[in-house]
Number of protein chains: 2
Amino acid sequence: MQDQKTPRRSNRDRSEDTRARLISAARKLFSEKGYGDTGTPEIVKEAEVTRGALYHHFTDKSELFRAVALQESRDVAQAINQNSVHESEPVRALVSGAQAYFTAMTKPGRARILLLEGPAVLGPDGMAEIDRETGSASLYKGLEWAARSANRPDLPLGELTTLLSAGFDRAALEIAMGGESTGYIRAFESLLQSLFPAQK
Amino acid sequence: MQDQKTPRRSNRDRSEDTRARLISAARKLFSEKGYGDTGTPEIVKEAEVTRGALYHHFTDKSELFRAVALQESRDVAQAINQNSVHESEPVRALVSGAQAYFTAMTKPGRARILLLEGPAVLGPDGMAEIDRETGSASLYKGLEWAARSANRPDLPLGELTTLLSAGFDRAALEIAMGGESTGYIRAFESLLQSLFPAQK
DNA sequence: TAATTAACATACAGGCTGTATGTATGCAAG
DNA sequence: CTTGCATACATACAGCCTGTATGTTAATTA
């Protein structure tokens, strides 16, 4: 019979549990009150651990935020992969991907963390590093496909990727703040169909 | 002969000078080290005033930041107005406006304040309020003109304005961080020419 | 089983924010 | 011209927060 007072967990289990608790509590508070207005005492209280545990797992508060943002970004990528419908036409595929992105970004707090606080706390480079693992590459591939299909080798795809990505982000933020998504979907459709007119 | 020890300025002069000193010092430090890493003791030291003066003029640190952002935004609007070339064709006018915007945003620290820290510190609404006074309206008018000229009443201009504005901001940030502007200019040209093809 | 290390817990030093209170100067009324 | 009030600060303080240093307990390794 196991001792009930000391569950006798392995170090790894303890660590993973503590890390997860901290990230979860931080995610909640950062998204509700913002990074600057959330103190580490409040975070550890919510996570039911001590500040010692926090500073054992993360070098400082911003590293905890980075872990939160990374997890959030991965969740977005996963949600998009799950909800992505295979389309035979590139513009449709891009619009469908945008749709999935908007939906994933409506989870409360997510837009604030990834689109508002993230760039300020971690810097554009820090966020780019996080995004690299997840999103931007697939957008580039989609545009490449569309450019090939529409016979438009003249387009500067790298810059267009950046521009459209910024548009997606801004639209996601508006939608997450209560805006209507249909208008933005149509705007992207117009934009993409103008850029990549159907052949023949 | 005036007393040299007490310059005997009017209250209004004193106030305006102090405010200007605080905003200038805050602008410098916020743009160099970021909002969170800049303390009010450091700001007042740079401005050669006391913290009492700061909290007499501004309710808190974020209100000082708001004043900085507002001034910066007005400077951008003014720079664009001065450098705007009158174009007879809408797409050219839009590209020319983008060019002027990018140039104005290369002033050191400006992109960080208006595009990175601003949204996080003041919130999207706070920044939108500041931008309303300055930029977004003219972009909408430019797109309206272009849509009329190109016979495209189908386009959702409101959403397109938001999307393109986000693209301009992102490009401005990249350029301010050392990126090349020509690529983005060409990308916008492609995009706008696709959206608004020249008539006949 | 002894030694070592991981995983915290506790205590502390320094710094920062906002407020409360004190003071000197400008200003307006009589 | 002086008397009273308001403006524009200056100073002091309370509370909180961050990061570090040090202590303690339990798991892992030799």
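Order of the sequence lines sets the chain letters (A, B, ...), proteins ahead of strands, with each chain counted from 1. Remember, it's a predicted structure, so these values are computed and weren't measured experimentally.
- Leu157(A) and Trp145(A) sit in two unconnected hydrophobic clusters of ILVMFWY residues. Membership requires side-chain heavy atoms under 4.5 Å apart, directly or through other members.
- Listed by chain and residue number, nothing satisfies the salt bridge (Lys or Arg N to Asp or Glu O under 4.0 Å) test with Arg148(A) (two or more places apart in sequence, or in another chain).
- Separating the CG atom of Leu54(A) from the P atom of dG19(D) is a distance of 9 Å, rounded to the nearest angstrom.
- Applying the salt bridge (charged side-chain N to carboxylate O under 4.0 Å, His left out) test to every pair with at least one member in residues 42-58 of chain B, sequence neighbours left out, gives these pairs: Arg21(B)-Glu48(B), Lys28(B)-Glu46(B), Lys33(B)-Glu42(B).
- Every pair passing ring-ring contact (aromatic ring centres under 6.0 Å, His included) that includes a residue from residues 59-92 of chain A is listed here, sequence neighbours excluded: Phe30(A)-Phe65(A), Tyr35(A)-Phe65(A).
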Which donor-acceptor pairs under 3.5 Å do side chains of residues 166-174 of chain B form with protein atoms, sequence neighbours excluded?
| unit_1 | atom_1 | unit_2 | atom_2 | d |
| --- | --- | --- | --- | --- |
| Asp169(B) | OD1 | Tyr101(B) | OH | 2.6 |
| Arg170(B) | NH2 | Ser165(A) | OG | 3.4 |

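- For residues 94-109 of chain A, the set of pairs meeting the salt bridge (charged side-chain N to carboxylate O under 4.0 Å, His left out) definition, not counting sequence neighbours, is empty.
- Per the geometry, NZ belonging to Lys45(A) stands 15 Å off C1' belonging to dC17(D), to the nearest Å.
- Under the side-chain hydrogen bond (donor to acceptor under 3.5 Å, both in side chains) criterion, Ser181(A) pairs with no residue, sequence neighbours left out.
- Along DNA chain C, the nucleotide nearest to Thr38(B) and the one nearest to Arg12(B) differ in position, and the one closer to the 5' end is contacted by Thr38(B).
- The side chain of His57(A) places no N or O atom within less than 4.0 Å of a non-bridging phosphate oxygen (OP1 or OP2) of dA7(C).
- The side-chain hydrogen bond (donor to acceptor under 3.5 Å, both in side chains) check on Arg110(A) picks up Glu72(A), with sequence neighbours excluded.
- At the phosphate of dA6(C), neither OP1 nor OP2 sits under 4.0 Å from any side-chain N or O atom of His56(A).
- Listed by residue number, the members of residues 14-22 of chain B with any heavy atom below 4.0 angstrom from DNA chain D are Arg14(B), Ser15(B), Thr18(B).
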Q. Reading nucleotides 18-23 of chain C from the 5' end, what letters show protein touch, with B for base, S for backbone sugar-phosphate only, - for no heavy atom under 4.0 Å?
A. BB----

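- Distance Arg9(B) CZ to dT25(C) P: 13 Å, rounded to the nearest Å.
- Counting to the nearest Å, the C1' atom of dC8(C) and the CD atom of Glu48(A) are 16 Å from each other.
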